[in-house]
Amino acid sequence: MNLIDTHAHIDMPRFGDRAERRFAAVRAAAAGISAIVIPGVEPESWAGLLETAADLREIAPTVRFHTALGIHPQVLPELDPAHDSAALTALNDQIRAAPAGLVAIGECGLDFGPGGGGVPRERQVAVLRAHFVLARATGLPLLLHCLKAHAALLELLDEQPLPPSILHSYSGSAEMVPAFCRGGHAISFAGAITLPGARRPVLAARAVAADRLLLETDSPDQTPASRRPARNEPAFLGDIARAVAAAREEPLELVAATTTDNARRLLRLAA
C-alpha cells in the first residue's frame, strides 16, 4: 500500500529518542508509508521539530517528511497569556520563512474538554483566529484539533472562507460531517476507529465524501487496538486504513488510493 500519515507527533520526547525515531522511520518506509506530516504544538518545540524532519529525511529517503507549525490549545495553560501576541508573531515569522517541507499551519484549534486545562474559551478562540488570519494570508491549510467544541469551531469556520483544511482525529458526529466539509475541509481518522465497539467514528467515516477522507496515526497516541500496549507510530497506519475500509464497506486498496490522493491534493504534496 501507499499511505500518507497526515498527523504524527514523532518529534515529541514521548515518542522516543533520536534512535527510536529513526527506527520508526525505517519501519514506516517498509510499511508503505510514502509521506508523514509532523505538526508543531508550541513555540519551544518548533526548532526541534524541523531538525527531526531533516534528520529523518536522511535515514528514510523514500518517505517524505513534511512539517506544520502551530500553537495547540492544550499548551496554552503553560504559556503566559501576556505572551500570546509575541508567540503568534513568532509563528507568523516562522511560517513566512517557509522552512523546507512546510505544508500546513497547526496543530491549532479548540479544546473545551479537560485537556484544555481550564483556559478561557475567549483566549482559545483569539489564538485560533490568529491562525486563521495566517492561513488566509499564506493559502496554507490548517491542522485543526477539536474536542467538545465542534459547534463553536463550525461557527468560526463559517464566518469567512479558509483554505481547505483538516479536522484531525475527528471526534464529532456523523451529522456534523457535511457542515464541516462544505467549506472544502477534510476529515481525518485515527486509532479510535479501530477500537472494539467503536460506533461514533465508524458512522462518521461512512458520512464523509470520498474526496474529503484522510488517515492519520496521531502518534505516539491512539495506538490501534491490535497493537496495544505498544506506543503508536506511522507504521501502524495500515490498521487504521483497514478499519476505515471496513466502516465504509469499501476495498482497502480503494481507501488507500483515495486518502493518498486526497492528502496530496489538499497538502500540495508531490506524487
Side-chain angles (χ1 to χ4, degrees), residues 6-16 38-46 49 68-84 87-88 91 105-132 142-157 165-177 179-180 185 187-205 216-225 227-233 236 240 243:
T6 62
H7 203 105
H9 295 285
I10 55 180
D11 64 306
M12 286 186 168
R14 289 189 296 109
F15 190 90
I38 310 173
V41 297
E42 61 181 324
E44 290 186 356
S45 72
W46 295 338
L49 182 154
L69 301 177
I71 301 174
H72 196 294
Q74 290 182 356
V75 307
L76 291 179
E78 305 164 18
L79 303 177
D80 185 340
H83 297 159
D84 284 355
L88 290 165
L91 175 64
I105 297 169
E107 183 178 351
C108 56
L110 299 175
D111 195 316
F112 294 169
V119 172
R121 296 184 180 189
E122 295 79 7
R123 183 184 176 201
Q124 293 192 40
V125 169
V127 170
L128 180 57
R129 285 187 189 278
H131 286 77
F132 283 8
L142 295 149
L143 305 182
L144 293 165
H145 170 98
C146 186
L147 187 61
K148 298 186 182 300
H150 290 87
L153 179 59
L154 183 59
E155 184 176 342
L156 291 172
L157 292 174
S165 297
I166 299 172
L167 277 90
H168 113 87
S169 184
Y170 185 70
S171 60
S173 68
E175 290 74 18
M176 295 192 81
V177 163
F180 280 113
H185 309 302
I187 307 285
S188 182
F189 292 92
I193 198 169
T194 72
L195 300 178
R199 178 171 174 79
R200 192 175 178 90
V202 167
L203 294 176
E216 63 173 272
T217 58
D218 197 23
S219 308
D221 300 319
Q222 299 201 57
T223 304
R227 307 281 185 164
R228 297 187 176 190
R231 182 264 293 122
N232 199 11
E233 62 178 79
F236 300 163
I240 297 161

*Between Ser219 and Glu233, is any side-chain donor less than 3.5 angstrom from a side-chain acceptor?*
no
_Residues Gln222 and Asn232: side-chain donor-acceptor under 3.5 angstrom_ = no
Do [X] and [Y] have side-chain heavy atoms sitting under 4.5 Å apart?
{"X": "Val41", "Y": "Ile71", "value": "no"}
{"X": "Phe180", "Y": "Leu154", "value": "yes"}
{"X": "Leu128", "Y": "Leu153", "value": "yes"}
{"X": "Leu110", "Y": "Arg121", "value": "no"}
{"X": "Val119", "Y": "Asp111", "value": "no"}
{"X": "Asp218", "Y": "His9", "value": "yes"}
{"X": "Leu142", "Y": "Cys108", "value": "yes"}
{"X": "Ile105", "Y": "Leu143", "value": "no"}

How close do [X] and [Y] get, heavy atom to heavy atom, and via which atoms?
{"X": "Glu107", "Y": "Pro39", "answer": "N-CB, 4.0 Å"}
{"X": "Phe15", "Y": "Pro220", "answer": "CD1-CB, 3.9 Å"}
{"X": "Ser171", "Y": "Arg200", "answer": "O-NE, 2.8 Å"}
{"X": "Lys148", "Y": "Gly113", "answer": "CD-CA, 3.9 Å"}
{"X": "Ala152", "Y": "Phe112", "answer": "CB-CE1, 3.8 Å"}

*Mind checking what makes salt bridge (Lys or Arg N to Asp or Glu O under 4.0 Å) contact with Arg227, not counting sequence neighbours?*
Asp239
*Using the test salt bridge (Lys or Arg N to Asp or Glu O under 4.0 Å), find all partners of Arg199 that sit at least two apart in sequence or belong to another chain.*
none
Whether [X] side chain and [Y] backbone form a donor-acceptor pair below 3.5 Å:
{"X": "His131", "Y": "Val127", "value": "yes"}
{"X": "Thr223", "Y": "Ala230", "value": "yes"}
{"X": "Glu216", "Y": "Ser169", "value": "yes"}
{"X": "Trp46", "Y": "Gly70", "value": "yes"}

*With sequence neighbours excluded, tell me which residues meet side chain to side chain contact (heavy atoms under 4.5 Å, CB included) with Ala126.*
none
Rounded at 0.5 Å granularity, tell me how far [atom1] in [X] sits from [atom2] in [Y].
{"X": "His83", "Y": "Leu88", "atom1": "NE2", "atom2": "CG", "answer": "13.0 Å"}
{"X": "Arg228", "Y": "Phe236", "atom1": "CZ", "atom2": "CZ", "answer": "11.5 Å"}
{"X": "Glu42", "Y": "Leu49", "atom1": "CD", "atom2": "CG", "answer": "11.0 Å"}
{"X": "Leu167", "Y": "His185", "atom1": "CG", "atom2": "NE2", "answer": "7.5 Å"}
{"X": "Ile166", "Y": "Ser188", "atom1": "CD1", "atom2": "OG", "answer": "6.5 Å"}
{"X": "Leu76", "Y": "Asp84", "atom1": "CG", "atom2": "CG", "answer": "6.5 Å"}

_According to ring pair (Phe, Tyr, Trp, His ring centres under 6.0 Å), who are the partners of Tyr170, at least two apart in sequence or on a separate chain?_
His150
*Just jot down the ring pair (Phe, Tyr, Trp, His ring centres under 6.0 Å) partners of His145, sequence neighbours excluded, or say none.*
His72
*Determine, step by step, whether Arg14 and Asp221 satisfy the salt bridge (charged side-chain N to carboxylate O under 4.0 Å, His left out) criterion, reporting the C-alpha distance in whole Å, the side-chain angles of both residues, the deciding distance to 0.1 Å, and the verdict.*
CA-CA 9 Å; Arg14 289 189 296 109; Asp221 300 319; 3.0 Å; yes
Pairs of donor and acceptor atoms involving the side chains of residues 190-197, under 3.5 Å and at least two apart or interchain, shall be tabulated with distances.
from	atom 1	to	atom 2	distance (Å)
Thr194	OG1	Gly191	O	2.7
Thr194	OG1	Ala225	N	2.9

